[in-house]
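Here the structure comes first, spelled out in structure tokens, and everything after it is commentary.
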Amino acid sequence: MTTKKKRSPRAASDGWVLIAADSALETAKLHDGDPNFVKLRNPATGAASQYLFSSGDERVYEVKAFTEDFHSWFIDQTVQRDGRLLYVTPVDPVFLLLPYLQRGGAEGKFQPLQQMVMDEDYPGCTRLLKCTQALDSVHHVTDEKVVGDQKFHRYNQEKTLEWLKKKVLNTESAVKKSDLSVGGGVKSTTYVRVKRETDAAEEDYLRYAHGLISEYLSEELSKDLHKHLQLPEISSPKEVEPPSKKRKLSDKPVEAGEDYTKFNSADFVRKPPKKMTAAQKSLAKVDKTGMKSMSAFFSPKVKQEKN
């Protein structure tokens with residue numbers, strides 16, 4: 001008698017699929033330890049975010065995710081339930097230190113960094129003080145005082161805004177080199193600019209760069225930076241096309257082919273049907289079975305081919 005073998009259920013893995021540069025994962029020295037993930041406070045939202053510390057805590061990377069609905073990974077003989085595609089990008093650790101430095105600066109006195117960078121909810125924040133990049137750059141946003149062999153720091157708002165301004169200008173330069181369209185003429189990511197705005201291009205790039213840097217700042221600090229950059233408040237968007245040619249977007253993407261844009265316009269209004277006269281009402285009641293329409297008498301006759 002033959003017995004059927006029971007098929008063992010496939011294991012479901014709880015790992016991640018992640019894209020990272022070799023420099024983020026390599027181990028330079030044996031005693032430095034392996035790179036690992038740390039949960040820290042997001043400097044913009046205050047919520048928890050995932051970060052990757054390289055070997056020896058030399059560099060810090062932020063972890064971002066590309067997510068699609070109903071997505072999984074098949075890896076070897078396992079099913080990866082978390083279908084997100086994670087990727088890491090380097091982040092300046094000073095951005096992560098700013099909320100702690102600002103909080104400590106409210107007292108207006110010099111303090112050691114170890115006393116300012118503390119968080120009961122995110123104790124991993126102290127690892128930022130081991131990061132060489134953070135220690136070498138913190139003087140851009142603080143006043144320093146050396147007493148003996150110990151350094152003391154105090155948050156400086158003016159120095160911080162100047163440091164952030166340089167960040168914005170560097171970002172603006174990089175965006176320009178990438179030839180991105182960032183002005184008011186871009187109505188959607190699926191549409192390109194029809195006319196290039198030369199007059200407002202500089203302001204558009206600066207405003208775009210400010211928005212990118214603001215992703216790492218609190219709302220209040222982002223507003224202060226906006227004023228420091230002397231950016232004017234956003235007014236009504238400029239017309240880049242004549243009103244008759246402007247394409248209005250619907251909630252759903254429009255398939256290429258026939259032009260349905262007129263149905264997306266607020267100017268398009270369906271006219272109500274005209275009222276029928278008494279004669280038209282009587283004609284509508286007549287049985288038209290077997291009757292030809294008027295156009296049938298004027299249409300060309302189709303010649304039949306002879307066999």
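Please read these numbers as outputs of a predicted model, since none were measured by experiment.
- Cation-pi geometry between R59 and F53 is not satisfied (NZ or CZ under 6.0 Å from the ring centre, within 45° of the ring normal).
- Figure legend: K145 and F152 shown without cation-pi pairing, the cationic atom not lying both under 6.0 angstrom from the six-membered ring centre and within 45 degrees of its axis.
- With contacts defined as side-chain heavy-atom distances shorter than 4.5 Å, the pair R127/N36 qualifies.
- With hydrophobic clusters built from ILVMFWY side chains whose heavy atoms lie under 4.5 angstrom apart, V168 shares a cluster with L217.
- Residues P35 and L52 have side chains in contact (heavy-atom distance under 4.5 Å, counting atoms from C-beta outward).
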Stepwise, does the side-chain contact (heavy atoms from CB on, under 4.5 Å) test hold for D143 with K159? CA-CA 9 Å; D143 297 323; K159 292 178 69 173; 3.5 Å; yes
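- To the nearest 0.5 Å, atoms OG (S49) and NZ (K64) are separated by 10.5 Å.
- Looking only at side-chain heavy atoms (C-beta outward), L206 and L169 come within less than 4.5 Å of each other.
- For the side chain to side chain contact (heavy atoms under 4.5 Å, CB included) criterion with V94, the lone passing option out of V141, V60, L164, L135 is V141.
- Of the possible donor and acceptor atoms, one in the side chain of S178 sits under 3.5 Å from a partner among the backbone N and O of V175.
- The OG atom of S55 lies 7.0 Å from the CG atom of D34; values are rounded to the nearest 0.5 Å.
- In plain terms, the two heavy atoms of A44 and S214 that are nearest each other are CB-O, 4.4 Å.
- For T171 (side chain) and K167 (main-chain N/O), a donor-acceptor pair under 3.5 Å exists by modelled atom type.
- When all heavy atoms are compared, the tightest approach of M116 to G105 is CE-N, 4.4 Å.
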Kindly determine whether N42 and Y51 satisfy side-chain contact (heavy atoms from CB on, under 4.5 Å), including the steps that lead there. CA-CA 10 Å; N42 188 295; Y51 296 88; 4.1 Å; yes
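- With a 4.5 Å cut-off between side-chain heavy atoms of Ile, Leu, Val, Met, Phe, Trp and Tyr, the cluster of M118 takes in none.
- Considering only heavy atoms from C-beta on, D119 comes within 4.5 Å of Y100 through its side chain.
- Residues L98 and L221 form a side-chain contact, since some pair of their non-hydrogen atoms from C-beta on lies under 4.5 Å apart.
- K151 places no side-chain N or O within 3.5 Å of a backbone atom of L113 that could act as its donor or acceptor partner.
- You'll find the side chain of C131 stays beyond 4.5 Å of the side chain of E58, heavy atoms only.
- Comment: E172 does not engage K165 in a salt bridge, judged by the lack of any side-chain N to carboxylate O separation of less than 4.0 angstrom.
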Audit row: E202, K176, salt bridge (charged side-chain N to carboxylate O under 4.0 Å, His left out) steps and yes/no: CA-CA 9 Å; E202 198 69 27; K176 284 182 178 179; 2.7 Å; yes
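- Atoms CG and CD, from D224 and E219 in turn, are 11.0 Å apart once rounded to the nearest 0.5 Å.
- When side chains are defined from C-beta on, H226 counts as touching H210, because their heavy atoms get closer than 4.5 Å.
- The same ILVMFWY cluster, assembled from side-chain heavy atoms under 4.5 Å apart, contains both I213 and L97.
- Linking ILVMFWY residues whenever their side-chain heavy atoms come closer than 4.5 Å, directly or via other members, leaves V63 and V91 in distinct clusters.
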Y155 vs T160, test: side-chain contact (heavy atoms from CB on, under 4.5 Å). Steps then yes/no. CA-CA 8 Å; Y155 174 72; T160 300; 3.1 Å; yes
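- With a 6.0 Å radius and a threshold of 12 heavy atoms from other residues, nucleotides or ligands, Q114 has its CD atom above the threshold.
- Judged purely by distance below 3.5 Å, without hydrogens or angles, the side chains of E162 and H228 pair a donor atom with an acceptor atom.
- Each of L101, L128, L129, V117 was checked for a side chain to side chain contact (heavy atoms under 4.5 Å, CB included) with V138, and the lone residue meeting it is L101.
- Taking each heavy atom of Q150 and P112 in turn, the nearest pair found is NE2-CB, 3.7 Å.
- For the ring pair (Phe, Tyr, Trp, His ring centres under 6.0 Å) test, no residue two or more places apart in sequence or in another chain qualifies with Y122.
- Between the side chain of T142 and the backbone N or O of E144 there is no donor-acceptor pair closer than 3.5 Å.
- Pairing each heavy atom of F66 with each of Y87, the nearest pair is N-CE2, 4.2 Å.
- Residues F37 and Q50 approach most closely at CB-OE1, 3.7 Å, considering heavy atoms.
- Summarising the geometry, atom OG belonging to S137 is positioned 7.5 Å from atom CH2 belonging to W163; distances are rounded to the nearest 0.5 Å.
- Side-chain atoms of K39 never come within 3.5 Å of backbone atoms of A48 as a donor-acceptor pair (strictly under, hydrogens ignored).
- By the 4.5 Å heavy-atom criterion applied to side chains, Y216 and D92 are not counted as neighbours.
- The minimum heavy-atom distance between V38 and G124, with the atom names listed, is CG1-CA, 4.0 Å.
- In this structure a side-chain-to-backbone donor-acceptor pair under 3.5 Å is present from R41 to G46.
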